[in-house]
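Just below is one structure, and these are the notes that go with it.
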Amino acid sequence: MKIEIAASQLAALGNPTRLALYRLLVRAGPGGLAVGEIRTRLGIPGSTLSHHVKALAAAGLLDQRRDGTTLLCTATYPAMNALVEFLVGECCADAEPDERP
């Protein structure tokens, strides 16, 4: 992963509302959640939710799809996993063997 992509994704997750939204979607699983359900669970107006969804989608962390008249949001699990791997992939690589967790 390029450091610019990781920085963009971490910046998107750096907002408390977006982080709460993303955690909600990660917990929901691959089926995602309807926008109305997300709005209810987070207790935020639709326009605010739209702003945060757009930011997470632009960072590649969230996907949207229609199911009839319902707009569903899902976490983009490959992007999430790549970000986590980027953060921990070289954990303690330069530490002495007896200093590693």
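In what follows, every heavy atom counts, from backbone to side chain, and hydrogens, waters and symmetry copies are set aside.
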- Item | Partners meeting side chain to side chain contact (heavy atoms under 4.5 Å, CB included) with Ala6 (sequence neighbours left out) | Met1, Leu83, Phe86
- Task: Hey, could you give me each pair passing side chain to side chain donor-acceptor pair (under 3.5 Å) that has a residue in residues 67-86? Not counting sequence neighbours.
- Result: Asp63-Thr76
Sequence neighbours excluded and cut-off under 3.5 Å, please list the side-chain donor-acceptor pairs for residues 15-34, or say none.
| from | atom 1 | to | atom 2 | distance (Å) |
| --- | --- | --- | --- | --- |
| Asn15 | OD1 | Thr17 | N | 2.8 |
| Asn15 | OD1 | Arg18 | N | 3.1 |
| Arg18 | NE | Ala12 | O | 2.8 |
| Arg18 | NH1 | His52 | ND1 | 3.1 |
| Tyr22 | OH | Leu61 | O | 3.4 |

- Task: Using the salt bridge (Lys or Arg N to Asp or Glu O under 4.0 Å) rule, collect all pairs that involve residues 37-58, keeping only residues at least two apart or in two chains.
- Result: Glu37-Arg41
- Query: So Leu56 and Leu13, side-chain contact (heavy atoms from CB on, under 4.5 Å) or not? Walk me through it.
  - Reply: CA-CA 8 Å; Leu56 289 170; Leu13 293 170; 3.9 Å; yes
- Query: Quick one: side chain to side chain contact (heavy atoms under 4.5 Å, CB included) partners of Ala93, sequence neighbours excluded?
  - Reply: Glu90
- Item | Qualifying salt bridge (Lys or Arg N to Asp or Glu O under 4.0 Å) pairs, either residue in residues 2-13, two or more places apart | none
- Item | Side-chain donor or acceptor of Gln64 paired with backbone N/O of Cys73 under 3.5 Å | no
- Query: If we only count heavy atoms from C-beta on, is the Val53 to Ser50 side-chain gap below 4.5 Å?
  - Reply: no
- Query: Quick one: CD1 on Ile3 to OG on Ser8, what's the gap to the nearest 0.5 Å?
  - Reply: 12.5 Å
